[in-house]
Structures are given as structure tokens and as C-alpha cells.
2 protein chains.
Amino acid sequence: MATEDLMTKVLDALGDAQPTAEAIHDLTDLAEVPSSMTIAEVADRLALSAHTLRYYERAGLVTVARDSQGHRVYDAGAVRRLVFLTRMRLSGMSMRELQHYIELVDAGEHTVPERTAMLAEHRATIIRRLRELTLSLVAVDYKIATYGGAAGSDVERGPSRDAAA
Amino acid sequence: MATEDLMTKVLDALGDAQPTAEAIHDLTDLAEVPSSMTIAEVADRLALSAHTLRYYERAGLVTVARDSQGHRVYDAGAVRRLVFLTRMRLSGMSMRELQHYIELVDAGEHTVPERTAMLAEHRATIIRRLRELTLSLVAVDYKIATYGGAAGSDVERGPSRDAAA
DNA sequence: ATTTGCGTTAGAGCGCGCTCGAAGTCCTAG
DNA sequence: CTAGGACTTCGAGCGCGCTCTAACGCAAAT
């Protein structure tokens, strides 16, 4: 019964989900961002490779200043944007979409409606993904619970093929 | 506060999660599988392309019989296995892992412990992914709630940059 | 008899998101 | 003076998971 509970609970939780957000601030973007960081520091902090950071820059997702030696200097704004980008990437937004979104951001305030629309759509995608994953979780639990997992023959070709419902 | 609730709820739900499964049977594998289907029918049913089904077969994930015309004939077992495989793919298990899993299945009962271990590990992966997605959901909700989304400058370079915690 | 349609095979190609290599610059420590 | 190490640019390469093309077979419908 715990499995059914799981699914119901999660699905219920997903059902509510009317945002408000307040103290989650740092969870989202902030959390003491030094006013300037090197590529190595940012990479470390975001758990990305320096390669990837350069790639994101080339892709037009962030603009990063250089110091006298030509080395990248990430200011707080850049880092926060990268935090946002990383979160979006992790939640399944494609590079292409992110590029579009950033174009909108750079285009000015009048694109806010379209941005909001994008976020709303992405939100829906996340929810779908959550449901999907929850379903798979139930399936995996079922497999684990019944036996090592017969992958296809399911009720392991044995004599008794009834058991439960 | 609804947002915090969301996260807490989902995370709590994920916390319990001790499987049991009973009536979810069909949710997992079954649900009236005809005793034999064509590739088009299976593709349709699983929302995969015939191309993909052939690819899975080539990859060694399923064995499919042929009729007198050399056309594939999917029996119930094959279809059930494909349902399982699809669910695993959707929840993020790689082709490589799935190939290994199927090798184990085909190797016999003595591999059940290893299979169970794989499933357990995958379960953990799903949970991690669910947490990650939930976090991103909160972040997106936050962005939507505060404004179109300033992507980086976050608290839109305005004067007041304090608000809540 | 031929067209339509669904299937077959082997193998090439593709989009994505990195990931890496090569060659070079600059700074610091020994 | 030299070696090491962190950085730079540019461009090629890669792993994954499909996805598609080409050439062909068979069978029912026209």
C-alpha cells in the first residue's frame, strides 16, 4: 500500500503547486556570490567544467569580461545567470530554448510576457516529467518487490500466474 | 508558502516510498496484451517508431519471431519486455545498462541478486532526479511569481534587493 | 499486370551537448 | 633561466539514441 501512497502523495503534491516563494530566495539564485570569480571557481561552484562554461559563453548564454591578461572574470550577475541556466538545463530545457530565452532577456522589458510564457511552458514540462518519473518509480518498486525482475515475462513463467489483483 | 509546501510534500512523499505494489499490476507491465502484434501495432502502443523497435532488437534487448513473410511477430512476452524497457528508458536508464540487465535476465535465475541491485540503484537515481526536478520546479515558480524572469540579474537590478530572507 | 502498402535489411547520418586537443600567452616559484 | 600551471582561442571529435535512406520482397486491391 505504501507504493500507492507514494504515487498519490506525489501526484497530489504536484496538483497543488501554486507558487509563492519567499525564503527560497537563495535556493533559486542567490547565496553569497562573490563579486568576481575565475572560471575555475565558477566551474567548481556550479559543478560544470571550464570547457562547458566557455561553451555556454560561445553559445551566447552569458557575457563574461576579461582581465588584463585576457582571463575571464565572472561577476555576480554572470554567476547568477549561470546558476539559472544550469538549473534550467538540469530540468530539461534545451540549449536552443535557453538561447531564445536569453535573447528575450537581452531584448528588454517588453519581452517579459513571452518569457513568462516560456517559463510556464517549461513548468508544465517539468510537471509531466515528474509524473513520468513517479510512474517509473512505482514500476521499479513493483519489480523489486516481486522478484529480481523478470523483464518481460514479468510473472516469471512459473506455474502460478495469479497472485494478487 | 504554497511553494514551500510543494517541495516539502513531494520530498516527504519520496521519503516514505517503501514499495509493496498490488493492484498496480497493469500499471507496470500487463493490461491486456494481445498474444501477437505487428511492429506497427507495437510501435503505436508504446509510442515508439518502428525504427526504434528494430533498433532495440538489434541492440539485443528483445528477441522477436518472424512470420512466413519474414515480418516481425511480437508475442505478449516481447511486448511486456518492451513496456518494461520503455519505462526504464523514460526514467533515464541508458541503453548500455539495459543491455546489461537483459543479459542478466537471459542468463538465468542466479542473476536475480545482481538484477535487484541494478533496480535498486536505478531507483535511487530516479529519486535523485525527482528531487532535482522538484527543486527546479520551485525555482521556475519563483521566477514566474516575481516577474517575467530576469535570468541572472534576478532581482532585476532594481533598488530594493532585500525583500525576504 | 501493376500499383499500393507494409514490411524487410544493412548501413549511413544526425542533433544534442558537451569534451577534448593543440598551440600559444602569461605569471610565479625554484 | 626554466619549468609549471592556469589560462586563452579555435576547431575537431565523441557518445548517445535514435532516425532515416536505399533497395528490395511479398500480397492484396484495382
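First the proteins, then the strands, lettered A, B, ... as listed; each starts at 1. On a predicted model such as this, the values are computed, not experimentally measured, just so you know.
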Which heavy atom of B/Thr116 sits nearest to which heavy atom of A/Ile144, and what is that distance? CG2-CG2, 4.2 Å
Base, backbone or nothing for each nucleotide of nucleotides 11-21 of chain D, written B, S, -, heavy atoms under 4.0 angstrom, 5' to 3'? B----SBBBBB
Quiz question: by atom type and distance under 3.5 Å, do the side chains of B/Thr86 and B/Arg89 form a donor-acceptor pair? no
Can you check the B/Arg72 CZ to D/dC26 P distance for me, whole Å? 16 Å
If I take atom CG in residue A/Asp44 and atom C1' in nucleotide D/dA6, what distance separates them, rounded to the nearest angstrom? 14 Å
Residue of the set A/His122, A/Arg129, A/Arg128, A/Glu121 for which side-chain hydrogen bond (donor to acceptor under 3.5 Å, both in side chains) holds with A/Thr125: A/Arg128
Do you know the tightest heavy-atom contact between B/Arg87 and A/Ala139? CD-CB, 3.1 Å
Below 4.0 angstrom, which residues in residues 61-69 of chain A have at least one non-hydrogen atom near DNA chain C? A/Gln69
What I want to find out is whether A/Glu57 reaches A/Arg54 closely enough, with some N-O distance under 4.0 Å, to be called a salt bridge. no
So A/Ala50, base contact, sugar-phosphate only, or nothing? Heavy-atom distance under 4.0 Å. nothing
OP1 or OP2 of D/dA6 less than 4.0 angstrom from a side-chain nitrogen or oxygen of A/Arg54, does that happen here? no
Are any of the side-chain nitrogens in B/Arg81 or B/Asp106 under 4.0 Å away from the carboxylate oxygens of its partner? yes
Whole-Å distance separating the CD1 atom of A/Ile39 from the P atom of D/dA6: 13 Å
Indicate, with yes or no, if B/Val73 and B/Tyr56 share a hydrophobic cluster defined by side-chain heavy-atom contacts under 4.5 Å among Ile, Leu, Val, Met, Phe, Trp and Tyr. no
Are B/Tyr101 and B/Phe84 an aromatic pair by the rule of ring centers under 6.0 Å? yes
